[in-house]
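Residue numbers run from 1 in the order of the sequence given.
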Amino acid sequence: MPRSTSRLDISACHRRLSARPFARPFSRSFSATLRRHEVLDASTLPDRILPKYKESSVSSLLSLQWPEPPRNILIVPKLHDPKVTQSALSFANHIRTEYPNLNLVFERRIAPTIHETLPFPIYTADPGQFPAKIDLVATLGGDGTILRAASLFSLHASVPPILSFSMGSLGFLGEWKFEEYKRAWREVYMSGSRIAVSDLQGPHTQAATNGSRTDGDEGYLHRNWEGVRGKSMGLTRSSKILLRHRLRVGVYDAAGVNINEQLMPTSTAEMPQPIPQMSLSLVDRTAQLGKQPAPPRLFHAVNELVIHRGSNPHLAIIDVYVNNHFLTEAVADGILISTPTGSTAYSLSAGGSIMHPLVKTLLITPICARSLSFRPLGLPLNTKVVLKLSEKNRGRELEVSIDGKRRAGVTIGMEIRVEGEMVGRATDGSWRGGVPCVIRSPGKGDGDRDGIAEDDDGWVGGLIGLLKFNYPFGEGQ
């Protein structure tokens with residue numbers, strides 16, 4: 001039978017337990033890892049900061065002037081490219097670490113994969129939320145990525161400044177090399193942070209400086225930028241802006257009703273991306289009272305509108321009207337109406353002329369026209385062009401595409417109305433219209449620039465270096 005437990009046995013057992021290292025009951029060690037951050041809703045962000053653009057007497061470009069530092073930054077990287085994605089992460093980490101109070105926003109299809117690699121929260125929302133929230137857009141990719149970013153604001157007259165890094169196959173529109181991203185970001189972020197001494201006349205302006213002069217530079221640092229001292233560029237180094245013209249496009253059925261809401265997004269557009277519902281404006285409320293019809297929602301195109309025969313084996317037959325006057329019956333594979341920016345895209349491949357982006361014009365370019373005398377045509381920007389499907393098409397459907405981001409099929413009786421978007425000052429003094437693109441400023445080591453104006457630096461370089469304009473050929477070249 002088992003022996004009874006004596007007091008001596010219990011004491012010995014206690015000594016053996018006491019000799020072991022003490023361990024707390026139910027304790028467990030964990031590895032120290034960063035908490036996975038949530039993807040937050042961008043609709044909770046503060047409203048967009050509207051920048052001002054200052055004219056110059058020596059340049060056709062505008063100077064970017066922020067009234068306060070930008071906060072909500074939309075980053076648009078090229079899709080399906082691991083190298084670009086990694087660069088986007090480096091860019092995001094840098095600006096979030098070095099510059100205070102930034103909120104980084106990504107498209108919905110990108111945010112789930114990006115946020116797991118970043119040590120801070122990011123934001124996302126449907127594209128309809130971006131126009132009211134985004135202060136600045138940064139693109140990493142080629143020209144298609146810039147068009148994708150601009151298409152997110154295609155229903156609005158005001159587009160945030162776009163800072164583009166060329167990481168695509170061509171990159172004619174991309175201004176900056178990614179290796180320059182620290183300088184590029186500093187310039188665009190700090191633009192407008194200085195106040196000239198000559199401007200310190202009123203007490204309100206004097207109060208903005210908080211009474212402190214920064215080291216070495218002329219002028220005073222605005223108090224809104226006090227957290228980033230040492231990064232200001234001085235009074236003469238604000239970012240330069242090129243406002244690229246756009247087209248205003250409406251598709252109408254046989255009854256004259258605007259059917260833009262039926263245009264479908266392509267595979268490169270944000271999916272799904274229906275036309276967002278707008279809050280009722282005064283015009284809309286008046287229309288509901290039966291006093292005036294609501295204005296149609298028009299798309300804006302940075303490059304071009306194209307109507308083409310698609311997979312049909314026969315040529316398209318399109319009647320072209322200019323300012324309500326019949327111009328011609330086009331018999332061709334299709335018709336392009338492009339902006340000066342789009343003149344180096346599809347229009348150039350179809351034989352169209354190259355136009356400087358500051359020229360206020362729109363181009364009509366036939367695609368493989370039957371007649372050799374049908375040549376490209378340049379018209380004033382405010383020209384109203386209407387494309388109607390001729391009854392000679394025998395009921396065949398043609399395809400319409402807007403910047404490659406929206407498409408629709410059109411049949412006999414339908415028409416496409418196009419006009420250039422006017423760019424200029426609004427009644428409140430701000431600039432309206434166009435796509436403001438941050439132009440690369442000359443830096444150290446850029447070489448001899450004699451004879452090349454600041455306005456033309458990137459454009460001329462793109463013609464020569466990328467498009468190989470009038471490139472010689474033959475032996476010895």
Rounded distance [0.5 Å steps], [atom1] in [X] versus [atom2] in [Y]:
X    : Y    : atom1 : atom2 : value
I335 : H308 : CD1   : NE2   : 12.5 Å
Y181 : I95  : OH    : CD1   : 10.0 Å
S164 : L173 : OG    : CG    : 7.5 Å
D403 : S151 : CG    : OG    : 8.0 Å
E180 : E175 : CD    : CD    : 10.5 Å
L64  : Y189 : CG    : OH    : 13.0 Å

Non-hydrogen atoms of [X] and [Y] that approach each other most closely:
X    : Y    : result
L263 : R406 : O-NH1, 2.9 Å
N260 : R297 : ND2-O, 2.6 Å
V76  : T145 : O-CG2, 3.4 Å
G192 : Q65  : CA-OE1, 3.4 Å
R96  : L104 : CB-CD1, 4.2 Å
S343 : L348 : O-CB, 3.2 Å

Verify the neighbour count for atom CZ of F469: are there more than 12 heavy atoms of other residues, nucleotides or ligands below 6.0 Å?
no
Parallel, tilted or perpendicular for F326 and Y321, by the 30°/60° rule?
perpendicular
Give a yes or no on whether the ring-centroid distance for F91 and F165 is below 6.0 angstrom.
yes
Can the ring centroids of H94 and W185 be said to lie less than 6.0 angstrom from one another?
no
Does [Y] offer a backbone N or O that forms a donor-acceptor pair with the side chain of [X] under 3.5 Å?
X    : Y    : answer
S90  : Q86  : yes
R370 : D333 : no
N258 : Y252 : no
N393 : L389 : no

Flag this pair as yes if the NZ/CZ of R248 is under 6.0 angstrom from the six-membered ring centre of F299 and inside a 45 degree cone about the axis; otherwise no.
no
Indicate yes or no: does R309 engage E399 in a salt bridge with an N to O separation below 4.0 Å.
no
Charged N to carboxylate O under 4.0 angstrom, E55 versus R425?
yes
If you measure only the distance, is there a donor-acceptor pair under 3.5 Å linking the side chains of [X] and [Y]?
X    : Y    : result
S63  : K240 : yes
S158 : R48  : yes
T341 : R244 : yes
S347 : T365 : yes

Tell me, with the steps shown, if V105 and L45 meet side chain to side chain contact (heavy atoms under 4.5 Å, CB included).
CA-CA 10 Å; V105 186; L45 293 175; 3.8 Å; yes
Verify side chain to side chain contact (heavy atoms under 4.5 Å, CB included) between I162 and V438, making sure each step is shown before the conclusion.
CA-CA 6 Å; I162 297 181; V438 180; over 6 Å; no
Could you go step by step and tell me if E98 and R186 meet the salt bridge (charged side-chain N to carboxylate O under 4.0 Å, His left out) rule?
CA-CA 10 Å; E98 295 293 326; R186 180 175 68 94; over 6 Å; no
Where do I402 and E304 land on the side chain to side chain contact (heavy atoms under 4.5 Å, CB included) test, with the steps shown first?
CA-CA 6 Å; I402 303 174; E304 75 269 318; over 6 Å; no
Pairs where residues 66-78 contributes a residue and the test side chain to side chain donor-acceptor pair (under 3.5 Å) is met, not counting sequence neighbours
N72-N103
Show your working on side chain to side chain contact (heavy atoms under 4.5 Å, CB included) between L147 and K405 and close with a plain yes or no.
CA-CA 8 Å; L147 293 180; K405 305 303 176 186; 4.1 Å; yes
So among I364, T361, L247, L363, which one has a side chain to side chain contact (heavy atoms under 4.5 Å, CB included) with S338?
L363
